[in-house]
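Each chain gets a letter, A, B and so on, in the order the sequences are listed, and its residues count up from 1.
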Amino acid sequence: MSEQQPYEPKIVAFLCKWCSSAGSDLAGVSRIQYPANATPITVPCTGAVSPMYILSAFNKGADGVLVSGCHIGDCHYLEGNYLARRKMYLIMKLLDFIGVEHDRFRMSWVSAAEGAKFAQVVTDFVNDLQPLGPQDKLKRAESK
Amino acid sequence: MEKILDKKRLDDWAAALTNYEVQAPSQEDGIWGFQPVNGPVRLDHTNTKQPPKEFAFPQREVFFTFEQIKGEAPRLTQVLPQAPRHAVFGVRPCDGRGVPRMDKVFNDHVEDTYYNTRRKNVAYVGLACNKPPSANCFCLSVGGSPVSTDGLDVLMTDLGDRYFVAAVTDAGKALMAEAAKVFSEPSATDQKQVKQAHAAAVAHPQRAVNNPDQAPAKLKASFKSPLWDELARACIGCGICTFLCPTCHCFDINDEVHGKAPLKGQRVRTWDNCQFPDFTMHSSGHNPREGTGARLRQRVGHKFQYFYENFGMHQCVGCGRCITECPVGIDIINVVNKVAENAA
Amino acid sequence: MPHNIYLPNLARVIYIKDEVPGERAIRTFHLEPLDGGWFDHECGQCAMLSVFGRGEALISIAS
Amino acid sequence: MINLKDVRDAARDMLAKGEVRAVIGYRRGSRGMFAEPAFLDRPEEADELVWDPTCFHNLSLYLVHDRKHLAHAGKKSGAPVAIVAKGCDARSIVVLLQEHYFGRDDVYIIGVSCEGTGVVDERKLARHLNGAQASNAAFDGDDFVFTTAQGEKRLPAREVMADRCLECRNPFPKEHNLVYGEDKTGRQLEAPFAALDRFEAQGAGERWENWARHFDRCIRCFACRSVCPMCYCDECVVDSITFPISTETTADEKANRIRWIERSAARSENITYLMTRAMHLAGRCTDCGECDRACPVNVPIRLLNTKMEKEARDQFGFEPGASIGGPSLVASFLDKDPGEFIR
């Protein structure tokens, strides 16, 4: 490589279709500038995000994983985000427990009307991931 | 070539083996295993939890990488092992006898390039068992002994403050020649003492398979015996007994994909296991060895019948790991004896 | 260096025929060897056909 | 002090009267002092039953095996199966009942209380016997008595007991049809989660160093999963050795089956496997410690599960295996569940 490109953290973002995904669309429609590091994966509800998705994202090389959905009380399926809150808490604690940097996993509530907040969440996440450098603890080794 | 090595000079010998990567038993989290030597060589282990089969037959071996090129045929690049020359110290005679058995499997009719590339780079320095390392040793039952040199390049015998070191193969002589000055000539008393030590080792009581040479016929007659399901009723179908066995060699081949567009990845060999549920699963869903009874019969049959019928020697070397490590107490000595007793 | 049995012969699929259409389709694949040419086989011997990154199938050659 | 004769008589009686199809218990093994699982079908076999500090297996696993055999053979369950169960084993049965794996009347629980002690930890004992082999182990008040070639060796149980027993808060099987031994619920030999707290006292970097070493050693023999009564899935989603194909499985399903991890025992794959299992055991694992004991390379798997158990208890007030009718941890929620970590 000619000159060392600055390290750009790769983020996988699981966005709930009804709120956060719509929120990210609003951020786009409103022309809000924010880092493009996050690869969005739309899920019906944060309650549908299995801990395996998060482990698999890290396994495939994600530097950070974001799970974002409707605020408590707004869930289209009424209880999805309550269930997600527990599961994500448990997976976060397990990742901490084995020593993965705490800032690599993050959860947020972003409603369909909070385009600006979505941009801010992603910006903060990228800034927090920057000093941590590439994630290699759970990442699958490429070649021999 | 037989020499005496003062215990204080063991590290000098290891240090002199500069063009080898010296491996020796060391303890990590309570588990004895072979590790590269940095610091003193320790030979005060019982036996390592895993046998030294990993040096020639590792759990993961990359065969080749494949890459899809637009409009062309996929490009294959063979990946041969780059293993350094290993000198493995502290190998017990039973694990030593596992080596010729694995050599047989990977060279009978067809030569396994990857196994052979690694195998010719490994020298096994054995350590005789003055007393059985485990409560479940039964090497004498399967034609072995605590002082056997089968499969080893060197055999060391502990005589208290010094080792009696005997080269078995040219590779062993070469290992000793690398540090000729650390050895000394054995005296008459050394010769007498090592014979006594060997005699005492062989005389030490250990568990036994009853008349092992009849085992192949007895097992053959018991293929349909209900005993198999009964003896394996507690079996949980895990992979401990086979993964830890010095002579288990079954493997699976899978492709590991690193990139989809364009397709890029590796074809990889990994250990496989006849105790796993889908080892004999057909693509129709039929599984000829569904229950743990059939799987136990396959494992014990392989160790005491099929290998014997093909190569005239038991595949089992009597290390006792499968007995010691089984979480639910499946005991191959007990199984062979029981099946033989009740054979038609 | 003896022949490495694990390196596959490459072949191109030149024609796929739907013998039995539908969800439980049975298709035959007509293969043409690339450079290596076919391996010689004995009747009843098995051949392992594989597609990189997808999987493999064990086919017993009857003729 | 449990009188073994009572247990044997009860088992013989049940089998003779045909009240139960079989009795799953412990009997003398062929491997020195270690007991092994026993499956009694006939009354006269009842005398094989033993109860000593090496009865560490969680026999509820065999209730799962029995259920699978019946389902596979298409048979109805009929009479219940009797099972000798310690406190932790009985709680595993409660979780299985909570998940409707079988009905309460399908299992006849012969409870055995660990009273003041528990089961032996093979690794700790080996350090005390340094090479000597024990041919028998017995309870004796707060001691274990081992018979070795050099005569009897009495050791305070506390020094050679499994961690889970030292930390055990209720050694008494609350859910039972019959029970033997004193109820010493609430006894505390060591603080609960002591091993976990010792481990967590280390910084994140140090914790990772340890776990990386453990995950590297894992050889993916699946003993931790095979020995666990809670891991009863016919197909383990995270690993492909249990892919139940049927005649209806189409070629596409086989080709497109999601491979969450590779077959290689590489660190990254072992982590995904072990962490997924820990997540699937959250609120279900009753700390029977079998995964720790079975692991041939000493990966402290129990720490992963007790970490989940501690969080479930502290943050969600959840005790696994507490009550048959209770909700499961991850399929229920409370308004006051922690949420500050969500931005």
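Between A:Phe58 and D:Ile271 the shortest side-chain heavy-atom distance does not fall below 4.5 Å. Using a 4.5 Å cut-off on side-chain heavy atoms (C-beta onward), D:Ile342 and A:Ile72 make no contact.
Ranked by heavy-atom pairs shorter than 4.5 Å toward chain D, the options A:Leu138, A:Leu90, A:Leu95 are led by A:Leu90.
To the nearest 0.5 Å, atoms CG (A:Leu94) and CE (D:Met275) are separated by 4.0 Å.
Interface remark: D:Ala282 contributes side-chain atoms only to the contact with chain A (heavy atom separation under 4.5 Å). Contact of D:Ala212 with chain A is not made at all, since no heavy-atom distance falls under 4.5 Å.
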Taking donor and acceptor roles from the modelled atom types, list the N and O pairs under 3.5 Å across chain A and chain D.
unit_1: A:Asn59; atom_1: ND2; unit_2: D:Glu269; atom_2: OE2; d: 3.2
unit_1: A:Asn59; atom_1: ND2; unit_2: D:Thr272; atom_2: OG1; d: 3.3
unit_1: A:Arg85; atom_1: NH2; unit_2: D:Leu334; atom_2: O; d: 3.2
unit_1: A:Arg85; atom_1: NH2; unit_2: D:Asp335; atom_2: O; d: 3.4
unit_1: A:Arg86; atom_1: NE; unit_2: D:Asp337; atom_2: OD2; d: 2.9
unit_1: A:Arg86; atom_1: NH1; unit_2: D:Leu329; atom_2: O; d: 2.7
unit_1: A:Arg86; atom_1: NH1; unit_2: D:Ser332; atom_2: O; d: 3.2
unit_1: A:Arg86; atom_1: NH1; unit_2: D:Ser332; atom_2: OG; d: 3.1
unit_1: A:Arg86; atom_1: NH2; unit_2: D:Asp337; atom_2: OD1; d: 3.4
unit_1: A:Tyr89; atom_1: OH; unit_2: D:Glu311; atom_2: OE1; d: 2.8
unit_1: A:Tyr89; atom_1: OH; unit_2: D:Gln315; atom_2: NE2; d: 3.2
unit_1: A:Asp96; atom_1: O; unit_2: D:Arg207; atom_2: NH2; d: 2.9
unit_1: A:Phe97; atom_1: O; unit_2: D:Arg207; atom_2: NE; d: 2.8
unit_1: A:Met107; atom_1: O; unit_2: D:Arg343; atom_2: N; d: 3.0
unit_1: A:Trp109; atom_1: N; unit_2: D:Arg343; atom_2: O; d: 3.1
unit_1: A:Lys117; atom_1: NZ; unit_2: D:Arg343; atom_2: O; d: 3.4
unit_1: A:Arg140; atom_1: NE; unit_2: D:Glu269; atom_2: OE1; d: 3.3
unit_1: A:Arg140; atom_1: NE; unit_2: D:Glu269; atom_2: OE2; d: 3.1
unit_1: A:Arg140; atom_1: NH1; unit_2: D:Glu262; atom_2: OE2; d: 3.4
unit_1: A:Arg140; atom_1: NH2; unit_2: D:Glu269; atom_2: OE1; d: 3.0

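Scanning both residues, D:Val330 and A:Leu83, for their nearest heavy atoms gives O-CD2, 3.7 Å.
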